[in-house]
Number of protein chains: 2
Amino acid sequence: MPRHQNRGAAGGRRRASHSMESVLTEAVALLDEAGPSALTFRALAQRLGGGVASIYWYVASKDELLDRATDHVIGGVLADIEAIEPGDDPIDDLRVMSLTLFDAILVRPWLGNYFMRNTDVQGNALRLYDTLGQPTLRLKLTARQRFHAVSAITTVVVGSAVDLGQEPPQEVLEGAVGRDEFLGRFAATWRELDADDFPFVHEIVDEFDGHDDIEQFRAALDLTLAGLRLQADA
Amino acid sequence: MPRHQNRGAAGGRRRASHSMESVLTEAVALLDEAGPSALTFRALAQRLGGGVASIYWYVASKDELLDRATDHVIGGVLADIEAIEPGDDPIDDLRVMSLTLFDAILVRPWLGNYFMRNTDVQGNALRLYDTLGQPTLRLKLTARQRFHAVSAITTVVVGSAVDLGQEPPQEVLEGAVGRDEFLGRFAATWRELDADDFPFVHEIVDEFDGHDDIEQFRAALDLTLAGLRLQADA
DNA sequence: CGGTACGATAGAACACCGTTCGATAGAGAT
DNA sequence: ATCTCTATCGAACGGTGTTCTATCGTACCG
């Protein structure tokens, strides 16, 4: 395991010289460019201009690599969230923080799959969890209610993110097919279902067609927050 | 692709004779016994007493296998949920249905990772989605609100399930370490954090330690449903 | 200075995975 | 008897995470 930060520039031109920073940065770049399936040790090594086994000096396994890469970008999100100054309404603060987190996941859908998986490695995620919980301390709730409230919120965020992270069939990732057309195809299938057999699907298919992910998330979040406000005012 | 159900018993003793049913049943058994990582084509083939390639006659890829296996057990859950007779309060019905679904996922945490991934293949999941949505038709809501409400609920269910599905470090899976002890270890780490730096974590660590997954889910669900009730009564 | 310990790198090999190919067995129809 | 179509299977292919072992280069120390 690495002890110090790598403090020097590269040596000669035969051997590569990495650093935790560069490993994570390139890993994130791979994830951003082509999704989780593109992040392999061989691809990462090539990008770093080194050998495969070298990566194992910084990271004990692929799981840890993913955890650390996730925490690496969560660090940035954490800074954004900590920069939010508390307002009058704690629940409003919760809302802004959650939306900030969700925005970050929207840009990097893979985040949802690894976020908060292992707080031992993901120090920033733990800190984010705490920051997200702090507004609840200003609400009239029991400790258990606070715990459940923040769990509920992260559940909504992660749950929505997982929906998103469902690597789209590679067609939209390559840009060959737009997301709207992708949704439209499903909508078309649904519309052909018998209206008596599937009354609800029939009712909402137009809403599903071309729906906005952020709006859907905000709706789910607001339901939870409305419930929470009710609880805090009781 | 298979046309008919396999209608006969096995032939001689050299070649194995499968059926869609048996393939999915054994796949589910593997998933139940040792989690997703244990479901390999080789392991499945051995269990079926046949060759690896045979499975591809029933299923085009591993993703499809996972989708069909998931939908196979969702079929049972669907029956349970359809058996629920509507009560006076649609929101109560939503609650009972959601809890029924969550109970099923609690027993098979892997379900959460594949549920509703592809409604083309997962016919039962689509039907379940519709059934879950029907109570909202009795509420005074717009179509969009109904769509968002059911999305929110499935998000909470799936989000909670993903938390669960986080294959525990194999120690608790083997029964060597109890879940409580596993949680306790994390709690111990959290307790050592500075109380000023992590005020929220400090506040809720006792609640986290030994917490019940069902209770946590129910709390999140109830917040959402409370918000929904507010919306429907407005 | 020369030697040595250690931080850091890397190539080759291993075991396993999903998937494909080509061959072939069996049963019914012609 | 031949043909066709369903269903099966062993062997191989390319790719993966991971480990083994050997090495380079630098900092330290006698």
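Throughout, protein chains are lettered first and strands after them, A, B, ... in sequence-line order, and every chain is numbered starting at 1.
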### Task
Measure the distance from OH on Y58(B) to P on dT6(D) and round it to the nearest whole Å.
13 Å

### Task
Go through the structure and list residues passing salt bridge (Lys or Arg N to Asp or Glu O under 4.0 Å) with D213(A), not counting sequence neighbours.
R179(A)

### Query
Does a side-chain heavy-atom distance below 4.5 Å link W110(A) with L66(A)?
no

Return a table of donor-acceptor pairs under 3.5 angstrom between the side chains of residues 99-108 of chain A and protein atoms on other chains or two or more places apart.
| unit_1 | atom_1 | unit_2 | atom_2 | d |
| --- | --- | --- | --- | --- |
| T100(A) | OG1 | V96(A) | O | 2.8 |
| R108(A) | NH1 | D32(A) | OD1 | 3.3 |
| R108(A) | NH1 | D32(A) | OD2 | 2.3 |

### Query
Taking CE from M20(A) and P from dA8(C), how many angstroms apart are they, rounded to a whole number?
12 Å

### Query
Which nucleotides of nucleotides 11-19 of chain D have their base under 4.0 Å from a protein heavy atom (B), which only their sugar-phosphate (S), and which neither (-), written as one string 5' to 3'?
-B---BBBB

### Query
Roughly, in whole Å, what's the span from CZ in R15(A) to P in dT9(C)?
8 Å

### Task
Only counting residues at least two apart or in another chain, list the ones meeting ring-ring contact (aromatic ring centres under 6.0 Å, His included) with F200(A).
Y129(B)

### Message
Distance check needed: dA10(C) P versus I55(A) CD1, whole Å only.
### Response
10 Å

#### Entry: Atom-to-atom span, CG of L44(B) to C1' of dC9(D) - whole angstrom
14 Å

### Task
Figure out the CH2/C1' separation between W57(A) and dC24(D), and round it to whole Å.
15 Å

### Task
For Q46(B) and dG18(C), give me the distance from atom CD to atom P, rounded to whole Å.
14 Å

### Task
Return each pair, listed once, that meets salt bridge (charged side-chain N to carboxylate O under 4.0 Å, His left out) where at least one residue sits in residues 41-59 of chain B; pairs must be two or more places apart or across chains.
E26(B)-R47(B), E33(B)-R47(B)

### Task
Quick one: which residue pairs count as a side chain to side chain donor-acceptor pair (under 3.5 Å) with a foot in residues 150-161 of chain B, not counting sequence neighbours?
Q216(A)-S151(B)

#### Entry: Nucleotide pairing, DNA chain C (Watson-Crick or G-U, distances under 3.5 Å), in dot-bracket with [ ] and |
|.|||||||||||||||||||||||||||.

### Message
By the salt bridge (charged side-chain N to carboxylate O under 4.0 Å, His left out) test, which pairs, at least two apart or in different chains, include something from residues 119-133 of chain B?
### Response
D197(A)-R127(B)

### Message
Suppose we screen for ring-ring contact (aromatic ring centres under 6.0 Å, His included). Which residues come up paired with H211(A), at least two apart in sequence or across chains?
### Response
F208(A), F147(B)

